[in-house]
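What follows is one structure encoded as structure tokens, with my remarks underneath.
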Amino acid sequence: MLTLALSFAALVCTVAARPSLNYLESHFTAENESEEVRSAAIKRLLEVFGMEDPPAIHGHKQPPQYMLDLYNTVADVDGVTKDPYLLEGNTVRSFFDRLRSEQVEFRFNLSTVARTEKILTAELHLFKLRPQATSTFNRHHFCQVSVYQVLDTSKSNNTLGKKLLSSRLIPVHSTGWEVFTITQAVRSWMVDEGNNLGLHVVVQTLGGSRMDLKLIRFASGRNHHQSKQPMLVLFTDDGRRSSAPEITDPNDFAATSSLPHAPMSGPPSRSARSLDYSDEDGTSMPCQRLPLYVDFEEIGWSGWIVSPRGYNAYHCKGSCSFPLGQNMRPTNHATVQSIINALKLIKGIETPCCVPDKLFSINLLYFDDDENVVLKQYSDMVAGSCGCH
């Protein structure tokens with residue numbers, strides 16, 4: 001009898017130790033809901049960055065040095081825009097030549113450019129190599145380099161099959177990058193993709209005769225290092241630029257607001273991101289700017305974003321209680337609202353809110369689905385200062 005009682009007690013304990021069916025169902029439901037929230041949040045964040053889906057992650061090549069240099073020119077170490085007027089438009093795209101021909105013919109796939117993007121400027125970047133022949137230096141010191149758009153003679157009245165886009169003199173003995181404006185061609189390609197038959201480069205003497213290719217050579221996509229490959233650089237605007245003006249020196253955050261704010265020299269730790277910014281006696285702190293670090297690796301985007309690895313968006317927190325001093329940067333409306341709230345003249349009137357009153361843009365350098373490197377500027381991404389509104 002004792003054995004039976006012990007066995008029954010053990011069975012009861014075993015059953016009690018197992019999670020109930022209701023508990024399991026609620027646990028899985030919570031997990032599903034959490035995953036749905038994360039999925040919806042990531043989708044919404046992609047929309048903020050102007051994308052439907054994150055670009056595919058490939059074994060990426062090294063980004064073009066030009067794009068790295070351009071990023072460092074327009075953005076600080078955290079990606080925040082140094083000067084909103086440095087960049088023409090809000091998007092810069094780079095494309096490598098797809099023909100990879102040994103001849104001076106080039107073609108670029110622009111399928112990743114949205115039809116809604118406004119083409120501002122298009123540049124052909126060619127790397128001029130050192131001449132192989134040196135005996136002719138005394139005869140030719142300069143050459144005429146012309147870039148033509150290849151035309152479909154069946155669609156145009158141009159029987160030559162090409163249209164001059166850009167032409168200029170280049171020293172024969174020079175080496176390095178040469179840039180030619182080809183905006184007209186790219187605009188025609190965006191109107192009709194069938195017009196994109198490529199570009200043709202012609203090198204001539206000052207007298208108009210063709211030059212020896214041993215004397216004037218440009219790097220090709222087939223026989224030369226990626227860092228010297230022909231490249232098309234496209235400056236566009238997708239119409240998402242903020243209408244609110246930015247100050248020209250977003251690095252000087254302290255000058256934009258006399259409100260107290262926590263300094264942030266780099267990505268904060270998890271514990272630092274969740275600190276309770278309140279007085280020791282439990283009273284709330286006045287309106288101020290606090291850190292809010294967005295880590296692209298934690299989101300799962302580090303595979304396609306080149307720079308930055310994350311950025312400090314900051315957020316505004318604190319009370320806007322009466323009386324509102326000028327250090328809280330209140331609007332006249334907020335001042336009146338705080339007075340009405342303090343005097344309790346109207347029921348249900350709350351205190352003003354602590355919100356950003358200056359916003360700055362950030363820059364993202366990333367690979368798109370075709371492994372083209374894109375530099376894009378996003379407005380209103382960083383709280384520069386906070387105020388009571």
Side-chain angles (χ1 to χ4, degrees), residues 64 66 88 92-110 113 119-225 227-236:
Y66 174 83
E88 184 180 13
V92 185
R93 300 178 181 274
S94 61
F95 305 86
F96 284 126
D97 172 43
R98 294 305 175 95
L99 283 181
R100 300 177 65 85
S101 170
E102 294 183 8
Q103 305 300 319
V104 279
E105 296 176 350
F106 312 100
R107 184 179 293 180
F108 303 92
N109 181 5
L110 306 183
V113 183
I119 307 299
L120 302 175
T121 302
E123 298 175 343
L124 175 65
H125 291 221
L126 299 177
F127 189 87
K128 184 179 176 298
L129 301 168
R130 291 189 182 279
Q132 288 181 332
T134 57
S135 60
T136 54
F137 269 10
N138 292 332
R139 281 198 301 127
H140 301 292
H141 295 282
F142 289 89
C143 62
Q144 187 83 26
V145 180
S146 303
V147 180
Y148 291 88
Q149 177 185 356
V150 179
L151 301 176
D152 185 352
T153 54
S154 65
K155 291 184 178 180
S156 67
N157 297 325
N158 190 325
T159 56
L160 297 176
K162 61 183 182 180
K163 175 184 177 182
L164 180 63
L165 299 172
S166 179
S167 182
R168 59 192 182 84
L169 294 178
I170 292 178
V172 170
H173 60 274
S174 67
T175 180
W177 287 101
E178 301 291 345
V179 179
F180 302 88
T181 301
I182 57 166
T183 310
Q184 287 181 331
V186 173
R187 284 176 177 167
S188 71
W189 298 343
M190 294 304 297
V191 172
D192 183 356
E193 189 177 346
N195 291 334
N196 187 358
L197 301 179
L199 303 168
H200 182 66
V201 176
V202 175
V203 182
Q204 297 173 308
T205 65
L206 298 186
S209 59
R210 291 290 182 100
M211 291 199 73
D212 186 354
L213 291 180
K214 291 182 179 180
L215 186 62
I216 298 298
R217 299 184 304 138
F218 292 102
S220 66
R222 175 177 295 183
N223 298 326
H224 299 94
H225 190 268
S227 62
K228 297 179 180 179
Q229 288 187 14
M231 183 172 62
L232 170 64
V233 178
L234 204 57
F235 295 83
T236 70

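All values below come from the heavy atoms of this structure, side chains included, with hydrogens, waters and symmetry mates left out.
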*Under the ring pair (Phe, Tyr, Trp, His ring centres under 6.0 Å) test, which residues partner Tyr148, sequence neighbours left out?*
none
*asked:* Just to verify, what does Val145 make a side-chain contact (heavy atoms from CB on, under 4.5 Å) with, not counting sequence neighbours?
replied: Cys143, Ile170, Phe180, Val201, Val203, Phe218
_Trp189 to Leu197 - nearest heavy-atom pair and separation_ = NE1-N, 4.3 Å
*Residues in side-chain contact (heavy atoms from CB on, under 4.5 Å) with Val179, at least two apart?*
Glu123, His125
*Got a sec, which residues hit side-chain hydrogen bond (donor to acceptor under 3.5 Å, both in side chains) with Ser94, two or more places apart in sequence or on another chain?*
none
*Can you tell if the side chain of Glu105 reaches within under 4.5 Å of the side chain of Val150, non-hydrogen atoms only?*
no
*Crowded around Gln204 CD? As in, over 12 foreign heavy atoms under 6.0 Å?*
yes
*List the steps and the verdict of side chain to side chain contact (heavy atoms under 4.5 Å, CB included) for Thr236 and Ile119.*
CA-CA 5 Å; Thr236 70; Ile119 307 299; 3.8 Å; yes
*asked:* So, taking the atom named CZ in Arg187 and the one named OG1 in Thr121, what distance separates them when rounded to the nearest 0.5 Å?
replied: 7.5 Å
*How many angstroms lie between CZ in Phe127 and CD in Gln229, if you round to the nearest 0.5 Å?*
12.5 Å
_For a quick test of reading the model, state the closest non-hydrogen atom pair linking Pro230 to Phe106 and the distance between them._
CG-CE2, 3.4 Å
*asked:* Any non-hydrogen side-chain atom of Phe108 less than 4.5 Å from a side-chain atom of Leu124?
replied: yes
*Sequence neighbours excluded, which residues qualify as side-chain hydrogen bond (donor to acceptor under 3.5 Å, both in side chains) partners of Ser146?*
Ser167
*Would you please name every residue forming a salt bridge (Lys or Arg N to Asp or Glu O under 4.0 Å) with Arg107, sequence neighbours left out?*
none
*Report the residues that fulfil salt bridge (Lys or Arg N to Asp or Glu O under 4.0 Å) with Arg168, sequence neighbours left out, ordered by chain and then residue number.*
Glu178
*Flag the pair Leu169 / Gln144 as yes when at least one side-chain heavy-atom distance between them is below 4.5 Å, and no otherwise.*
yes
_Tell me every residue that passes side-chain hydrogen bond (donor to acceptor under 3.5 Å, both in side chains) with Thr181, counting only those two or more places apart in sequence or in another chain._
none
*CZ of Phe95 to CG of Leu232: how many Å apart, nearest 0.5 Å?*
6.0 Å
*To the nearest 0.5 Å, what is the distance between CG (Leu234) and CE (Met190)?*
7.5 Å
*Determine which pairs satisfy salt bridge (Lys or Arg N to Asp or Glu O under 4.0 Å) with at least one residue from residues 140-151, sequence neighbours left out, and list them in order.*
none
_With a 3.5 Å distance limit and no angle check, can you tell me whether Lys128 reaches the backbone of Ser174 through a side-chain donor-acceptor pair?_
yes
*Listed by chain and number, what are the side-chain hydrogen bond (donor to acceptor under 3.5 Å, both in side chains) partners of Ser188, not counting sequence neighbours?*
Gln149
*Could you grab the distance from atom CZ of Arg98 to atom CG of Asn109, nearest 0.5 Å is fine?*
5.0 Å
*Roughly how far, to the nearest 0.5 Å, is the CD1 atom of Ile182 from the CG atom of Leu199?*
4.5 Å
*Provide the closest heavy-atom pair for His173 versus His141 in the form atom of the first, atom of the second, distance.*
ND1-O, 4.4 Å
*Which pair of non-hydrogen atoms, one from Phe96 and one from Pro64, has the smallest distance, and what is that distance?*
CZ-CG, 3.8 Å
_Given 3.5 Å as the limit, does a donor-acceptor pair link the side chain of Thr183 with the main chain of Ala122, or not?_
yes
